[in-house]
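A short write-up of the structure that comes next.
In each ligand, atom 1 is the first atom listed, and ligand 1 is the first ligand listed.
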Amino acid sequence: MSAALSPIDKAKFVAAKRAAQFVENGMRVGLGTGSTAAWLVKCLGERVQAEGLRIQGVPTSSRTAYLAREVGIEVISLDEARWLDLTIDGADEFDADLHLIKGGGGALLQEKIVATASDRMIVIADATKQVDTLGAFPLPIEVVPFGWQTTKTLVEELLTGLDVLGHTASLRMNGDAPFYTDEGNHILDLHLKRIGNTRQLSLVLNQVPGVVENGLFIDICDTVIIGYGDGRVEVHDAEAGEIDSERFDFLETDNIFTEVED
Ligand code: 5RP
């Protein structure tokens, strides 16, 4: 077992490694964003190099596009692919219905477009992402820069009438400057603490002028693969429940995965 991998990295690695087994020759695959998705990209790169796996990847961010090319995956745009066989991505939270909060890495818009354009979405996560009720993780929403402060006020007012515990929003920063997404927008993080009605919240948020998209993924994810620090992985399917559980061994060569950075 590699001493260089922390338990959380091992959990992400085994989830990614298991997810990579779902990828077959000729597939068009949506590639998620974040530290867990970065492990997936690296695992797929390993399969491309070692097995000659032939896939085309549609990245959900410029960061992922860079990493995918670096590991030898052919990168195409969503407009070139039009439709995908499979998307594999991380998440900030998931519940028992496999509804998600995403956008912690600021890529929720492209992630949602790509996942929606896929026959299947698999989420890979360590067990800390599993929750009874969504909302402890601040819900990101992507907003256009024009009038963002007005948008923020409108959203906060809206929240007071909805089934959530917190009603404040904060502008995501990148150091001293506002964070910009790949689409040139800002992110507002909504501090809701608990979301009682995810469907209502998602619909209502997207009605606010200036809001481009929100980070709630409802009825999009088909399967969640949960990784654990001891090498166990569980595959949970939205329809079938838990369908699979197994254990991976860590090899010294897995050290290369410590180079992966989000
Ligand atoms: C990026 C995302 C990520 O998938 C999410 O933030 C999880 O990231 P990580 O795997 O680093 O915990 O939604 O927009």
Handout entry: Which segment of S61 sits under 4.0 Å of ligand 1 when only heavy atoms are counted
Key = neither
At a 4.0 Å threshold, what atoms of ligand 1 neighbour a non-hydrogen atom of [X]?
X: G90; answer: 4 (O)
X: G106; answer: 14 (O)
X: D89; answer: 4 (O)
X: G103; answer: 2 (C), 13 (O), 14 (O)
X: T33; answer: 1 (C), 2 (C), 3 (C), 4 (O)
X: D92; answer: 5 (C), 6 (O), 7 (C), 13 (O)

Practice task
Could you tell me whether D189 and R172 make a salt bridge, using a distance below 4.0 angstrom between a side-chain N and a carboxylate O?
Solution key: yes
If you measure every N/O of [X] against every N/O of ligand 1, is any gap under 3.5 Å?
X: K102; answer: yes
X: A37; answer: no
X: G34; answer: no

Checking [Y] against [X]: is there a side-chain donor and acceptor pair closer than 3.5 Å?
X: S245; Y: E234; answer: no
X: T64; Y: S61; answer: yes
X: S77; Y: E80; answer: yes
X: E213; Y: N206; answer: yes

Practice task
Determine, using heavy atoms of G32 and all atoms of ligand 1, whether some pair is separated by less than 4.0 Å.
Solution key: no
Exercise for the section: Specify whether H186 and W148 have parallel, tilted or perpendicular ring planes, treating 30° as the upper limit for parallel and 60° as the lower limit for perpendicular. Expected result: perpendicular
Problem - Positive for side-chain contact (heavy atoms from CB on, under 4.5 Å) with I124, one of I225, D89, I226 - result: I225
Problem - H99 and D219: CA distance, side-chain angles, deciding distance, side-chain hydrogen bond (donor to acceptor under 3.5 Å, both in side chains) verdict - result: CA-CA 6 Å; H99 297 163; D219 298 333; 3.3 Å; yes
